[in-house]
Number of protein chains: 4
Amino acid sequence: VKIKDIELKEENPAKELVRCFASTGFQASSLADAVELIAEMKRAKATIFFSFTANMVASGLRGVFAELCRKKFVDAVVTTAGSIDHDVIKSFLPYEVGAFDVDDVALHRKGINRIGNIFVPTAHFEFFEEKMRKWLKELYGKEKMVSPMELCDFIGSKLNEKNSFLYWCHKNKIPVFCPGIVDGAIGLQAHFFKQDHPNFGIDVTKDMRNIATLVLGAKKTAAIILGGGISKHYTIGSNLLRGGLDYAIYVSTAAEWDGSLSGARTREAKSWGKIKEKAREVNVFGDATILFPLIVAALKEEKVV
Amino acid sequence: VKIKDIELKEENPAKELVRCFASTGFQASSLADAVELIAEMKRAKATIFFSFTANMVASGLRGVFAELCRKKFVDAVVTTAGSIDHDVIKSFLPYEVGAFDVDDVALHRKGINRIGNIFVPTAHFEFFEEKMRKWLKELYGKEKMVSPMELCDFIGSKLNEKNSFLYWCHKNKIPVFCPGIVDGAIGLQAHFFKQDHPNFGIDVTKDMRNIATLVLGAKKTAAIILGGGISKHYTIGSNLLRGGLDYAIYVSTAAEWDGSLSGARTREAKSWGKIKEKAREVNVFGDATILFPLIVAALKEEKVV
Amino acid sequence: VKIKDIELKEENPAKELVRCFASTGFQASSLADAVELIAEMKRAKATIFFSFTANMVASGLRGVFAELCRKKFVDAVVTTAGSIDHDVIKSFLPYEVGAFDVDDVALHRKGINRIGNIFVPTAHFEFFEEKMRKWLKELYGKEKMVSPMELCDFIGSKLNEKNSFLYWCHKNKIPVFCPGIVDGAIGLQAHFFKQDHPNFGIDVTKDMRNIATLVLGAKKTAAIILGGGISKHYTIGSNLLRGGLDYAIYVSTAAEWDGSLSGARTREAKSWGKIKEKAREVNVFGDATILFPLIVAALKEEKVV
Amino acid sequence: VKIKDIELKEENPAKELVRCFASTGFQASSLADAVELIAEMKRAKATIFFSFTANMVASGLRGVFAELCRKKFVDAVVTTAGSIDHDVIKSFLPYEVGAFDVDDVALHRKGINRIGNIFVPTAHFEFFEEKMRKWLKELYGKEKMVSPMELCDFIGSKLNEKNSFLYWCHKNKIPVFCPGIVDGAIGLQAHFFKQDHPNFGIDVTKDMRNIATLVLGAKKTAAIILGGGISKHYTIGSNLLRGGLDYAIYVSTAAEWDGSLSGARTREAKSWGKIKEKAREVNVFGDATILFPLIVAALKEEKVV
């Protein structure tokens, strides 16, 4: 493909921008590759694992995540505890656009918690606490030792909000895996609840069978992984059971040179068999709040999503 | 502003995406701020300095740069030597989309030079050499000791290509500042030429008067700075003469923590008086090949560009 | 403090280098601040939480971690599942120094797994599988529903190796928290074991009481956090229970601008009350394999460690 | 090489730390490789090009640079304009350790300029202005159209300070290349001087012959490149004339994925013939203020420097 100097139009729908990007070079080309690869994994009817981190649910990306779950575009979600916190709270109360460069001590005194340039009042977490207390009690009536997937599904059943991914996952029977579920406000609430109900617990080994069944039963598997950490690794790690993913896309800002899993490229996963030797894979570098809406918008315009 | 979960439409023109980004958080919000700030600097009739690095001219971004110069949207360009090399070559010969992860020794044997994931045959530089030899001879007939600005203008006068920024800068009398002009293929050609014409030279102090006049004569100044290095600093450094820029946008991937100029944020420039205390400024982090077309596309749709 | 141009000696022990760094600027100064702050948290007899990621245990850093546990310099460890995998395997079998830029498909065919520039044969994980099968059986005889802390302690009791942090934590009764324990080879083994022993499980809520007791009982708390992800957040998140850490050091390569927890600076945690308003805190940027041995070596030479 | 868990000693001279690093993995191993490679380039009697950026001269690294020039360890220096500014000023007046997170508007009002976490009073630049006015006048008496190398050598002849690299380069006849010399306080002074002396100028093409002679006359060439930008590229670009460097070390924090020269790895330069196909090369990632003193300290202890 020849590099083509971009010629913007009077109107530039996402798919037109992405078409330009394919012949632009650098990350523009990688982004165009990602769009194309998602279309291919869908054509191949691959089982799609969708992985993202909590900060993204705090951001406006949540609406895009909800749409993908609403349309059953993805077959499983893998995420972190904070995603549950934010998805629940945002179903009832709004977050605010703030700034990165602020006086955090002053924020603390005002009862505002900062996530990058997003502000969340502490009061929102008190609201979450009340909700969870009630919900855990109800869930406890049915089951004492729950799995993260069961807990996520139960919470999804309690929500009724079109921008909630948990709501749509429940509705559409899309499993939500959350191996690190104890590390968030939800974990804290589980702890408080357990103090009065000692036989309540969250058994994280319980979901392994569910994800193993999904992985082993699939003809082909694919992963769209936004960010790093436990949600990234759990996704590729569980695909080891079948000899690796057939398709993989990483969207990341992390550096490779410290040997961290978060910064590891797709090809490192090939050495492990977490991604297949012949798998098609793309790495796109940058902030998902810009890259991912652009990718999904282009896929919508192409009638893929 | 409240965080709003993104709801993508069936069709998503750039300005609609950017409208969503404003209430998305993280870099999406920064990008929306940048779009808004460019509109404001234009409304305020500020003199706009436009700074970019050579790799971007090798990429498809060149078409966007050419459009901004064609429409006289910017009042001065500040760039590096390689930008001249690439702008000239690409006016005649194409570059190729390649890949980051390739065998560079094999590429070398095939006579292919790599810029990230862009491939350029060595033969292209031989073509450039011939062009420059002829052009320098002609220029030398008029002037022995040229300035980078004069050289850029002369080269622009030799081109006839709608995607060339040098062509449009010449046409529209937009000065092109290139303080590091000797560091590129063009510098090498100047060196070869000088061997036979010892009184030929490039006096880099000559352009200081031109940029000083521009800076001092402006009611307000603004800078749109893509990437780092000498083109970034020369832009803000020359605005020190007037007590700083009134508006500044940095688009960058560089880290702040090593104290480098490339990684420095806009607020560091305020301590120096390179950006005014009260200036409005935005930093957007990510690859310009994605971010900048999106910004300009939105501005076009808003009828600002 | 004035910037002092570094004058290296004929011999340069770590503490002398760090003394120079204090007046060097950029990250050198941050590193010197970190050394000083660790000395201070120790003088203040703070309860020290020590957090790191799995890749670091694969590296030679493991020896430094083991020493800190052996000397009871730290009071609690917070880490990820992979740390357990690597600590166990390396107690019996060696890893290899490899390279970042290699053919991962070729590695896979040779049965070698890559972690950055570290190579681990697949056979090592088969060895791990056997060990764990036996150990889980033994543990199961005592307890059906274990906590990550209990599992880590049990594994530590099975090791006898001076460079193992699990061994020393067991020996010295230092709790090891591993909220994401299911995401690693150990999680996979737990899954296989559970297939034949359905009432076996890992209840991650069980450890919350242990960490809460530690956090609430401490006069002062401090955290040394290497890397990001779940081990970083669990450490600061649990200190929310007491109104925040009194001292915190982050060593990281992650960027702040994507709003991720991994990239968040110490001051963001102050807005949440995870670090106290008046806490002393330092962020050092770079790869822990270089920075952390230098820090600990200086502290040893100062007789702090 | 097997990964060896680091065992720190009671005293840890730099060379001992580096010895440990060789078997540590990640960037520790890269740093150890860099030390070894510098020893090798020296044994091979290669002509060593030493490239660094201005911010590093503002930091304490300046003392290390001066030592390498004092001992004639390097054969040529390639740097940016700001390095001259800082080297001159620091020969008379001190800089201060500051902080990254400060109120830059407040700093500006106090007349303090910030370089990362280094503070420089504006008054220091006024001092520089006076010095340069006098020196340019004197130089102008001898030569009207100077080259950057000549200017640097002249300035070095005016200094008398053991931590100045310009002083030692003059003393030891080590050429200092500064292709972007106009982009700094020195460029501004040249501009002011030219207003009264219109036939004064800086011809940047003049030094090409000098660097070409050096490059072409060398049996082997090597480069130690700290940071990116014009000083990095000018170093590798001029070695194109001889078919590439035989040895190269990059110490950098920049990302590769945006296609920038600053982020490009050594292997990209092989495709261009700026580094030879068979050259030995190492990339080390991190802040030079920590990495480079460690490298040079180890080399001193090994009696290489």
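Because only heavy atoms are used, hydrogens play no part in the values below, and waters and symmetry mates are left out as well, while side chains stay in. So that the names make sense, note that chain A is the first sequence line, chain B the second, and so on, each numbered from 1. This is a predicted model, so every value here is computed, not measured.
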Legend entry - Which of Glu16(D), Met56(D), Arg267(D) touches chain C most, by non-hydrogen pairs under 4.5 Å: Arg267(D)

Legend entry - Under 4.5 Å from any heavy atom of chain C - which part of Leu17(D): side chain

Legend entry - Toward chain D: residues of residues 115-125 of chain C with heavy atoms under 4.5 Å: Ile115(C), Gly116(C), Asn117(C), Ile118(C)

Inset, instruction - With rounding to the nearest 0.5 Å, note down the distance linking OG1 in Thr253(C) to CZ in Phe285(D). - result: 11.5 Å

Inset, instruction - Measure Val296(C) against the heavy atoms of chain D and call it side chain, backbone, both or neither at under 4.5 Å. - result: both

Inset, instruction - Identify which of Asp101(D), Leu291(D), Val18(D) forms the greatest number of heavy-atom pairs closer than 4.5 Å to chain C. - result: Asp101(D)

Inset, instruction - Among Gly286(D), Ser29(D), Ser59(D), Gly98(D), single out the residue with the greatest number of heavy-atom pairs under 4.5 Å to chain C. - result: Ser59(D)

Inset, instruction - Using non-hydrogen atoms and a 4.5 Å limit, figure out which bit of Lys4(C) sits close to chain D: side chain, backbone, both or neither. - result: backbone

Legend entry - chain D interface, residue from Ser30(C), Ala288(C), Ala99(C), Gly25(C) that has the most non-hydrogen pairs under 4.5 Å: Gly25(C)

Inset, instruction - Among Ala298(D), Ser23(D), Gly63(D), Ala66(D), single out the residue with the greatest number of heavy-atom pairs under 4.5 Å to chain C. - result: Gly63(D)

Inset, instruction - Return the option, out of Val64(C), Leu61(C), Leu31(C), Val57(C), with the maximum number of heavy-atom pairs under 4.5 Å with chain D. - result: Val64(C)

Legend entry - Side chain, backbone, both or neither of Ala58(C) within contact of chain D (heavy atoms, under 4.5 Å): backbone

Legend entry - Toward chain D, the part of Ala22(C) with a non-hydrogen atom under 4.5 Å: backbone

Inset, instruction - Any chance you could measure Phe292(D), atom CZ, to Ile6(C), atom CD1, to the nearest 0.5 Å? - result: 10.5 Å

Inset, instruction - Check for a donor-acceptor pair, side chain of Gln27(D) on one end and backbone N or O of Ile290(C) on the other, with a separation under 3.5 Å. - result: no

Legend entry - Any donor-acceptor pair under 3.5 Å from Thr289(D) side chain to Ala28(C) backbone: yes

Legend entry - Side chain / backbone / both / neither for Lys15(D) at chain C, heavy atoms under 4.5 Å: neither

Legend entry - Pairwise distance CG(Leu8(D)) to CD(Glu67(C)) - rounded to 0.5 angstrom: 5.5 Å

Inset, instruction - Tell me, with the steps shown, if Glu301(D) and Lys9(C) meet side-chain contact (heavy atoms from CB on, under 4.5 Å). - result: CA-CA 9 Å; Glu301(D) 295 170 7; Lys9(C) 301 292 187 334; over 6 Å; no

Legend entry - Minimum heavy-atom distance Glu7(C)-Asn163(D), with the two atoms named: OE2-ND2, 3.6 Å

Inset, instruction - Examine distances only and state if a side-chain atom of Glu11(D) and a backbone atom of Pro13(C) form a donor-acceptor pair shorter than 3.5 Å. - result: no

Legend entry - Asn55(C) portion near chain D, given a 4.5 angstrom heavy-atom threshold: both

Legend entry - Under 4.5 Å from a heavy atom of chain C, the part of Arg265(D) involved: neither

Inset, instruction - Using heavy atoms and a sub-4.5 Å threshold, report which of residues 85-94 of chain D line up against chain C, by residue number. - result: Lys90(D), Pro94(D)

Inset, instruction - Name the region of Phe65(D), side chain, backbone, both or neither, that has any atom closer than 4.5 Å to a heavy atom of chain C. - result: neither

Legend entry - Contacting moiety of Phe21(C), where chain D heavy atoms sit under 4.5 Å: side chain

Legend entry - Greater than 12 external heavy atoms within 6.0 Å of Lys110(D)'s NZ: no

Inset, instruction - Taking all heavy atoms of Asp5(D) and all of Arg62(C), pick out the closest pair and write down the distance. - result: OD2-NH1, 2.7 Å

Legend entry - Nearest non-hydrogen partners of Phe100(D) and Phe26(C), listed with the distance: CZ-CA, 4.3 Å

Inset, instruction - Taking atom NZ of Lys171(C) as the centre, report whether more than 12 heavy atoms of other residues, nucleotides or ligands fall under 6.0 Å from it. - result: no

